[in-house]
Amino acid sequence: MRQKNYRELQISSSLLVFIFLGMLVVCIIIFLLGVSVGKKQAQITATSGVSSPKEVTQVEEKKPVPAQEQKDLISKELESHQKFKEEAKKQKVQPENLYYIQVGAFSNKEAALSLADQFKKEGYPCLVSEPFTTDKKPTYRVRIGGYATKEEAARIKTKLQSSSRKRKDYFIIKG
C-alpha cells in the first residue's frame, strides 16, 4: 500500500493565545456595538412618542371603550377641527396653510386621544389625525394648533418644550 502524503499544521501555544485573544476582542466589539444600537433605538422610540410594546399591551388590556363614548370622542374631534377651519376663514387663511405642532404619533387610537385630552386640559387646541393611506401601520398623529404663522407655532413649541420635564422632539408641520 502506498502512503498518502499529508501536511500537518502546527500552532505554537503563544500563537494559539493570540488567536484566542483576537477572537475575544472581536466578540467584545460586536457586543458593544449591539448595546449602542439598542440604546440609540430606545432614544429614538422615547423621543418620537411612539409607545413601547409594553405600553401598547397595557393599553390593550383595558376594557374596550363603549360605542357611545367613541362616538362622543369622534364628534368632539370633528367639532374642534371644524372650529379651526372657521377660525382660519375668519383670519382669511386656508386650513391647508395653517401650522401645527406634532406632539405624538401612536399606533393605538386610544393612546393618541388620551394625549390629546391632556393637552386640551392644559388649554391647547388639539386634534388627532386619522392614519394616512400611505402608512404601513396605522399611525394616529396628535397635533396642537392651527396657527396662521410659523413664528406663532414656533413660540408655542418652545413653550411646550420648556414646560415639559422630559426632552421632547416636537416639530412644526404645515397642515
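Both backbone and side-chain heavy atoms feed into the values below; hydrogens, waters and symmetry mates do not.
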Nearest 0.5 Å please: distance from the [atom1] atom of [X] over to the [atom2] atom of [Y].
| X | Y | atom1 | atom2 | value |
| --- | --- | --- | --- | --- |
| S14 | I19 | OG | CD1 | 9.5 Å |
| N108 | E110 | CG | CD | 4.5 Å |
| R143 | I172 | CZ | CD1 | 12.5 Å |
| E130 | K109 | CD | NZ | 4.0 Å |
| Y124 | L160 | OH | CG | 4.5 Å |
| Q102 | Y170 | CD | OH | 11.5 Å |

Shortest non-hydrogen contact between [X] and [Y], atoms and distance:
| X | Y | value |
| --- | --- | --- |
| G104 | L115 | CA-CD2, 4.2 Å |
| A112 | V142 | O-CG2, 3.5 Å |
| A153 | Y99 | CB-CB, 3.9 Å |
| L98 | G146 | CD2-O, 3.7 Å |

Linked, directly or transitively: [X] and [Y] (ILVMFWY side chains, under 4.5 Å):
| X | Y | result |
| --- | --- | --- |
| I28 | F31 | yes |
| F132 | F106 | no |
| I29 | L21 | no |

For this session: Flag the pair Y147 / I101 as yes when at least one side-chain heavy-atom distance between them is below 4.5 Å, and no otherwise.
Result: yes
Exercise. Heavy atoms, side chains only, cut-off 4.5 Å: are S129 and Y140 in contact?
Worked result: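 Of all side-chain heavy-atom pairs linking Y140 with S129, none is under 4.5 Å.
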Exercise. Does the pair R141 and D135 meet the rule for a side chain to side chain contact (heavy atoms under 4.5 Å, CB included), with working shown?
Worked result: CA-CA 12 Å; R141 293 158 178 86; D135 289 342; 3.1 Å; yes
